[in-house]
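Residue numbers begin at 1 in each chain, while the letters A, B, ... track the order of the sequences. Small disclaimer: the values here were computed from a predicted structure and weren't measured.
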Protein chains: 2
Amino acid sequence: MFIYQNIAKQLKMNIDENLYKNGFLPSETDLANHFKINRNTLRKALNELVKAGLIEKKQGKATLIIDKNNTYLLSGCSHYTKNFKKSGIYPRTKVLFCKKISPSLNVSSYFEQNYKYLIHIKTLRIIHNEPRSLIDHYLPFTDRYEEIKHFKTGSLHYFLQNHLGIKLTRKKTTISALMPSAIDKQHLNLKSNIPVTLVKTENKINNEEGFLGEISFSRTRSDLVQITVEH
Amino acid sequence: MFIYQNIAKQLKMNIDENLYKNGFLPSETDLANHFKINRNTLRKALNELVKAGLIEKKQGKATLIIDKNNTYLLSGCSHYTKNFKKSGIYPRTKVLFCKKISPSLNVSSYFEQNYKYLIHIKTLRIIHNEPRSLIDHYLPFTDRYEEIKHFKTGSLHYFLQNHLGIKLTRKKTTISALMPSAIDKQHLNLKSNIPVTLVKTENKINNEEGFLGEISFSRTRSDLVQITVEH
DNA sequence: GAGTGGTCTAGACCACCAT
DNA sequence: TGGTGGTCTAGACCACTCC
């Protein structure tokens, strides 16, 4: 057992015991002095916790303790936003763009009809001023584009239900993982080689039998957000 | 641009140009001298290449250059799970070990009781002679260790039900992603920087209300297997 | 035992963030 | 401007692998 592993373990225990009340660790110099080890060794211990997703470093500021309540519940009728609200965390949704597109083969193959155009909305989910997920939504309601265009924040499903009277429910969810693309990295503010969890959802329109109303592809920082399935 | 980034770039170019013919890098000391930098800085540069999956370090031996023939293709295999279920092909399970252990803090925290010992079973799921998932199971039934020890293949849940009369049902599943550890890489036959999908399941004993009978952590090759949730 | 990568220290300077 | 994390150096010792 090396010193840095030992220190990492102790720090983890301290974090679990909620010893650092303000949500930040003491400075590296202070921690190194406290444990009577060199700052380089302490930094190595901290990097272990960064890898484990327990803390995040903010250059020039401090080391942030990650709130582990950030789990994403996946059950039949749950919405992302709702789940976070339960745990008292409010995500912000930023619409990066909303436009009509000719769907790629990959996207159009999910829809049974052969749509010439789809609406493509790209959103970013942000918690505590930090981007968590990057989501591509594809919708077939091109005739209502002018209305959908006004979606700016909050839950897309909620907006569709309240402003367009379209109720979507989850049909299938497929989960995988991959390394983020350069664009993903940029938007998600990822620097090192952290993989993203890829969640693909197919949503059907409630009234119409099996009629696909939306598909979405989300890339989520796997170090900050967990996905939970309740059985 | 920091020194270590610069050096990493140069090393990457050297590797791409096939400068190191024998498949190994020169020693860290030699490289540091060559670039006229400190060995610690050189090590930081090398670690960047390790993260990028270009090299692999072998303690006591040398630094190995990874053969890049294994490229990461997600789309090509995207229907794998569905296909093998449809075609009735079932995975083979290999038990790597089964032993009594003192649980780590991380594992024991899931159980409500404070078990001094747990049974730890490590299995590998193999399809078509290719390892797909590496799974760690933790069970509290230490008093029946002698029986459980005889689990050699097939489904653990099936074995527990038929030989011990213990029926487990899924309580919660948590999905995330991470980079595989060296041991994961070895067992899953992973060479380059492909992430693994991490699935944590909590299983309760059917008859006893909320009594946790097993937790398992599986790491699955995200390039070969997708997880599908039907709603 | 020689050579390799892994850890650790002590100390310096720089880049970033807040005030 | 002071404090934080990020980089870098020089040098030491340890753990592992192979001959």
Side-chain angles (χ1 to χ4, degrees), chain A residues 1-11 14-15 20-66 128-131 185-186 189-194 223-224, chain B residues 1-11 14-15 20-66 179 181-183 185-186:
Chain A
M1 174 74 93
F2 297 113
I3 295 175
Y4 78 89
Q5 291 171 325
N6 216 326
I7 300 291
K9 205 171 168 181
Q10 286 184 57
L11 283 167
N14 288 352
I15 290 170
Y20 310 112
K21 301 280 182 191
N22 64 351
F24 291 91
L25 287 185
S27 78
E28 295 184 347
T29 316
D30 287 351
L31 282 174
N33 289 337
H34 173 255
F35 288 116
K36 293 191 173 60
I37 56 165
N38 186 270
R39 191 178 144 220
N40 286 314
T41 308
L42 179 96
R43 280 175 58 78
K44 184 139 195 186
L46 289 184
N47 284 336
E48 293 297 301
L49 300 187
V50 170
K51 280 188 209 166
L54 287 171
I55 60 170
E56 207 167 299
K57 297 190 174 192
K58 304 283 183 186
Q59 187 174 3
K61 281 172 72 180
T63 301
L64 177 70
I65 296 169
I66 299 296
H128 294 321
N129 273 326
E130 277 201 293
K185 273 183 147 177
Q186 192 191 317
N189 198 19
L190 279 169
K191 272 158 195 163
S192 46
N193 68 330
I194 297 166
D223 57 334
L224 298 182
Chain B
M1 174 74 93
F2 297 111
I3 295 176
Y4 78 90
Q5 291 171 326
N6 216 326
I7 300 291
K9 207 170 168 182
Q10 287 183 57
L11 282 167
N14 289 350
I15 290 170
Y20 311 110
K21 301 279 183 191
N22 64 350
F24 291 91
L25 287 185
S27 79
E28 295 184 347
T29 317
D30 286 352
L31 282 174
N33 289 338
H34 172 256
F35 288 117
K36 295 190 171 59
I37 56 165
N38 186 270
R39 191 180 143 220
N40 287 314
T41 308
L42 179 95
R43 279 174 60 76
K44 184 138 194 188
L46 289 184
N47 283 337
E48 293 297 301
L49 300 187
V50 170
K51 281 188 205 167
L54 286 170
I55 59 172
E56 210 166 295
K57 296 189 176 193
K58 305 282 185 186
Q59 188 174 3
K61 284 171 72 178
T63 301
L64 178 68
I65 296 168
I66 298 296
M179 295 310 294
S181 70
I183 293 171
K185 274 182 151 179
Q186 192 191 317

K.L.:
Nearest whole Å is fine: how far is D:dG5 P from A:Glu28 CD?
P.N.:
5 Å
K.L.:
Specify the residue among A:Lys57 and B:Gly60 whose closest nucleotide of DNA chain D lies further upstream toward the 5′ end.
P.N.:
A:Lys57
K.L.:
Give me the first and last nucleotide of DNA chain C, going 5' to 3', that has any atom under 4.0 Å from a heavy atom of chain A.
P.N.:
C:dT7 to C:dA18
K.L.:
With a 4.5 Å limit on heavy-atom distance, are the side chains of A:Leu46 and A:Leu25 in contact?
P.N.:
yes
K.L.:
For B:Gln5 and A:Phe2, find the nucleotide of DNA chain D closest to each by heavy atoms; which residue's nucleotide sits nearer the 5' end?
P.N.:
B:Gln5
K.L.:
Does atom NZ of A:Lys57 have more than 12 heavy-atom neighbours from other groups under 6.0 Å away?
P.N.:
yes
K.L.:
Would you kindly give the CD-to-C1' distance between B:Gln59 and D:dC16, to the nearest whole Å?
P.N.:
5 Å
K.L.:
With rounding to the nearest 0.5 angstrom, report the OH to NZ distance, A:Tyr4 to A:Lys9.
P.N.:
13.5 Å
K.L.:
Within the structure shown, what part of the strands sits under 4.0 Å from B:Thr63 by heavy-atom distance: base, sugar-phosphate, or nothing?
P.N.:
sugar-phosphate
K.L.:
Does A:Ile3 or A:Arg39 map to a spot on DNA chain C nearer the 5' end, using the closest nucleotide for each?
P.N.:
A:Ile3
K.L.:
Working to the nearest 0.5 angstrom, can you tell me the gap between A:Lys36 NZ and A:Ile7 CD1?
P.N.:
11.0 Å
K.L.:
Using 0.5 Å steps for rounding, measure from the CD atom of B:Glu28 to the CZ atom of B:Arg43.
P.N.:
4.5 Å
K.L.:
Could you check how far CG of A:Asn47 sits from C1' of D:dG5, rounded to whole Å?
P.N.:
11 Å
K.L.:
How long is the span from the CG atom in B:Asn6 to the OG1 atom in B:Thr41, to the nearest 0.5 Å?
P.N.:
12.0 Å
K.L.:
Once you round it to whole Å, what is the distance between C1' of D:dA15 and NZ of B:Lys61?
P.N.:
15 Å
